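Read through the structure below, which is laid out as structure tokens, and then see the notes.
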Amino acid sequence: MSKPAAQAQGAKRTKVVFWNEMTGPAQQQLNTFVKDFNQSQSKYEVVSEFEGNYNEAVQKIINTHGTDASPAVFQSMDISTSQIHHTGYTTPVQKFIDEDHYNVNQIAAGARAFYANKGTQLSMPFNTSQPVLYYNATLLKKYKITPPPVNPSYSDITRVATQLTDRSHKKVQGMTVEIYGWLFEQFMANAGVSLANQEDGHAGTPTAVNFTNAATVKTMKWIQDNLKKGDFVNYGAGANAQNNETASFLSGRLGMFMQSSASIGQLTTGNQDQLGITYYPHPDGQKSNGVAIGGASLWISNDKPSNVQRGAWEFIKYLMTAKSQAQWQVATGYLALNKDSQKEAVLQNLYKKLPATKVPGEQLRAATPNATNSGIFLQGLIQERNLTQTAMEQIYNGSDIQKSLATAQKSMNAYIQGNNRANGY
């Protein structure tokens with residue numbers, strides 16, 4: 001085909017601009033998906049554009065809506081779900097699910113529930129992670145320590161951390177829990193406790209949060225007590241904490257830590273030690289309720305013509321096929337959300353090579369979605385995380401648990417009331 005003829009054929013396609021925030025291997029795989037989708041059909045041409053980090057992208061999405069610069073389909077982080085929905089700038093993917101009689105049940109229920117509201121699927125979960133507990137299985141074997149069970153309680157983790165610290169004569173730090181609002185939320189989710197009223201916002205607009213509930217106090221006491229004993233260690237907050245805990249873990253100086261399942265690739269590449277993975281720990285004396293997902297989802301803008309929106313949906317469907325989702329997990333560590341992905345050879349080969357990589361997906365599928373493990377439908381979650389992280393920092397440094405949580409709760413409730421007034425709720 002001559003160059004002008006190829007250009008003419010390209011010009012007939014409907015252009016679908018896709019904004020994303022992926023970097024590294026995830027960006028490479030996403031570019032491959034875009035190229036493969038464009039070659040798989042002749043109706044649409046997806047153009048992928050990188051928009052910086054999640055926070056930057058949200059502002060650009062809101063600020064460009066209604067202009068030629070806005071995207072047709074975009075990726076937006078988990079905690080901006082309520083914010084994006086309340087702009088009124090999107091067409092819920094439910095519209096296309098209904099039109100196509102698309103079998104949405106093939107997509108993991110726990111992931112779908114996070115991006116749904118009152119029975120309507122607002123966006124499609126895409127790059128999805130679960131918070132998990134990592135442990136160095138080689139270290140545990142060296143010190144003759146029985147690994148924690150797949151679904152551990154707080155006591156199970158305390159036992160391993162104490163034994164590691166004692167038997168290594170403090171050469172190994174037992175465990176760390178990063179000062180991270182996402183982890184704070186997951187402790188509440190797994191205990192079956194709502195962070196915000198109105199069933200974490202799934203039944204209506206929240207008017208208050210509850211950080212001072214018994215389950216959260218119990219969790220913070222568990223961490224504080226173990227820090228005082230020296231069986232847990234405090235690495236602080238933010239990127240430095242994550243980098244330091246990862247480096248310590250890989251060098252055999254740290255036995256256990258909790259982080260996103262998307263860290264698996266980083267923890268297995270070139271690591272001579274065997275990686276162990278368990279579900280997120282739950283309070284003693286009760287079953288785990290399940291944790292919420294992390295990551296981001298795909299939204300369709302409503303300021304584009306119907307044929308462009310249809311192209312956006314066709315691209316989303318392509319990304320959610322069993323084959324695409326299996327490739328996505330292998331390339332990135334994010335979870336394959338199509339249930340049939342588990343049959344794909346590329347994913348089965350990963351499990352044979354690294355059996356522990358099955359655990360995060362099993363945790364996701366084991367939990368029955370409910371109001372407390374399907375995310376918090378609340379505007380201002382960035383504010384909530386800042387406040388809970390401040391409380392965690394104070395508690396880790398020995399402050400009164402109830403008082404620290406109450407201070408954060410009071411500030412967040414004031415923020416919610418002001419935000420609700422400003423928005424006329």
Side-chain angles (χ1 to χ4, degrees), residues 131-137 139-140 142-191 193 211-238 240-242 244-249 251-260 263 276-286 288 291 388-405 408:
V132 292
L133 183 139
Y134 295 107
Y135 66 90
N136 185 322
L139 265 184
L140 265 55
K142 176 183 175 181
Y143 291 110
K144 297 182 173 56
I145 297 167
T146 303
V150 172
N151 191 355
S153 68
Y154 293 170
S155 291
D156 291 323
I157 302 308
T158 303
R159 171 189 62 80
V160 176
T162 304
Q163 289 175 339
L164 260 175
T165 308
D166 292 349
R167 294 182 189 182
S168 71
H169 303 292
K170 298 188 178 177
K171 284 180 188 169
V172 178
Q173 298 164 331
M175 165 80 167
T176 187
V177 181
E178 185 192 340
I179 295 170
Y180 188 9
W182 186 50
L183 299 184
F184 182 92
E185 293 161 14
Q186 304 300 350
F187 282 124
M188 293 185 71
N190 215 17
V193 174
F211 301 155
T212 55
N213 62 81
T216 303
V217 171
K218 184 178 178 181
T219 301
M220 291 298 110
K221 188 173 187 317
W222 170 61
I223 297 170
Q224 190 184 69
D225 286 350
N226 279 293
L227 283 168
K228 284 176 181 173
K229 282 195 304 175
D231 295 330
F232 284 17
V233 62
N234 180 11
Y235 277 82
N240 279 344
Q242 290 186 18
N244 289 338
E245 69 185 6
T246 301
S248 291
F249 184 81
S251 64
R253 295 195 309 273
L254 174 68
M256 294 183 290
F257 73 109
M258 291 186 290
Q259 199 47 263
S260 165
S263 301
I277 306 177
T278 76
Y279 293 6
Y280 203 81
H282 58 85
D284 292 276
Q286 66 176 94
S288 56
V291 287
T388 53
Q389 282 173 202
T390 299
M392 288 174 85
E393 189 171 0
Q394 292 166 348
I395 291 163
Y396 284 24
N397 289 326
S399 295
D400 182 87
I401 294 171
Q402 193 80 32
K403 189 178 173 185
S404 297
L405 293 172

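The structure displayed is predicted, hence computed values, not measured ones.
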Problem set entry | side-chain contact (heavy atoms from CB on, under 4.5 Å) between Tyr135 and Val160, worked out | CA-CA 10 Å; Tyr135 66 90; Val160 176; 6.0 Å; no
Exercise. Hey, what do you get for CD (Gln259) to CD (Gln242), rounding to the nearest 0.5 Å?
Worked result: 4.0 Å
Problem set entry | Close side-chain approach of Met258 to Pro281, heavy-atom, < 4.5 Å | yes
Exercise. Got a second to check how far Tyr180's OH is from Gln389's CD, nearest 0.5 Å?
Worked result: 8.0 Å
Exercise. Any donor and acceptor pair, going by atom type alone, linking the side chain of Thr176 with main-chain N or O of Val233 inside 3.5 Å?
Worked result: yes
For this session: Indicate the atoms forming the closest heavy-atom contact of Ser260 with Tyr134, along with that distance.
Result: O-OH, 2.6 Å
Seminar exercise, completed: Nearest heavy-atom approach of Ser168 to Val172 is OG-N, 3.0 Å
Problem set entry | Distance, nearest 0.5 Å, that separates CG of Leu254 from CG of Asn244 | 10.5 Å
For this session: May I ask you to decide if Val291's main-chain N or O and Gln186's side chain share a donor-acceptor pair within less than 3.5 Å?
Result: no
Exercise. Below 4.5 Å, heavy atoms only, C-beta onward: do Thr165 and Gln163 meet side chain to side chain?
Worked result: no
Exercise. If you round to the nearest 0.5 Å, how far is CD1 of Ile395 from CG of Leu227?
Worked result: 10.5 Å
For this session: Quick one: pull up CE in Met220 and CG in Asp400 and give me the separation to the nearest 0.5 Å.
Result: 13.5 Å
Exercise. Strictly under 6.0 Å, is that where the ring centroids of Phe187 and Trp182 end up?
Worked result: no
For this session: Take Leu133 and Ile157, measure what side-chain contact (heavy atoms from CB on, under 4.5 Å) needs, and give me the verdict at the end.
Result: CA-CA 9 Å; Leu133 183 139; Ile157 302 308; 3.6 Å; yes
Exercise. Taking all non-hydrogen atoms of both residues, which atom of Gln286 and which atom of Ala191 are closest, and how far apart?
Worked result: NE2-O, 3.1 Å
Problem set entry | Atom pair CD/CG of Glu245 and Asn234 - distance to nearest 0.5 Å | 10.5 Å
Exercise. Counting distance only, does the side-chain N/O of Asn397 pair as donor-acceptor with the main-chain N or O of Gln394 below 3.5 Å?
Worked result: no
Problem set entry | Ring centres under 6.0 angstrom apart (Phe211, Phe184) | yes
For this session: Report yes if the side chains of Val132 and Tyr280 come closer than 4.5 Å at any heavy-atom pair, otherwise no.
Result: no
Exercise. Can you tell which of Asp284, Asn226, Thr219 makes a side chain to side chain donor-acceptor pair (under 3.5 Å) with Tyr154?
Worked result: Thr219
For this session: Would you sort out whether Phe257 and Phe232 count as a side-chain contact (heavy atoms from CB on, under 4.5 Å), showing the intermediate values?
Result: CA-CA 10 Å; Phe257 73 109; Phe232 284 17; over 6 Å; no
Exercise. Closest approach of Leu139 and Asn136, non-hydrogen atoms and distance?
Worked result: N-OD1, 2.9 Å
For this session: Kindly check if the number of other-residue, nucleotide or ligand heavy atoms within 6.0 Å of NZ (Lys229) is above 12?
Result: yes
Exercise. Can you find a heavy atom in the side chain of Ile401 that is under 4.5 Å from one in the side chain of Gln224?
Worked result: yes
Problem set entry | Smallest separation among heavy atoms of Glu178 and Gly236, with atom names | CG-O, 3.6 Å
Ignoring hydrogens and angles, write down the donor-acceptor pairs under 3.5 Å from the side chains of residues 143-151, residues two or more places apart or on other chains.
| unit_1 | atom_1 | unit_2 | atom_2 | d |
| --- | --- | --- | --- | --- |
| Asn151 | OD1 | Ser288 | OG | 3.4 |
| Asn151 | ND2 | Ser288 | OG | 3.0 |

Exercise. side-chain hydrogen bond (donor to acceptor under 3.5 Å, both in side chains) between Gln173 and Tyr235: does it pass, once the steps are laid out?
Worked result: CA-CA 11 Å; Gln173 298 164 331; Tyr235 277 82; 2.5 Å; yes
For this session: Start with the C-alpha distance between Leu405 and Lys403, add both sets of side-chain angles, then the distance that settles side-chain contact (heavy atoms from CB on, under 4.5 Å), and finish with yes or no.
Result: CA-CA 6 Å; Leu405 293 172; Lys403 189 178 173 185; over 6 Å; no
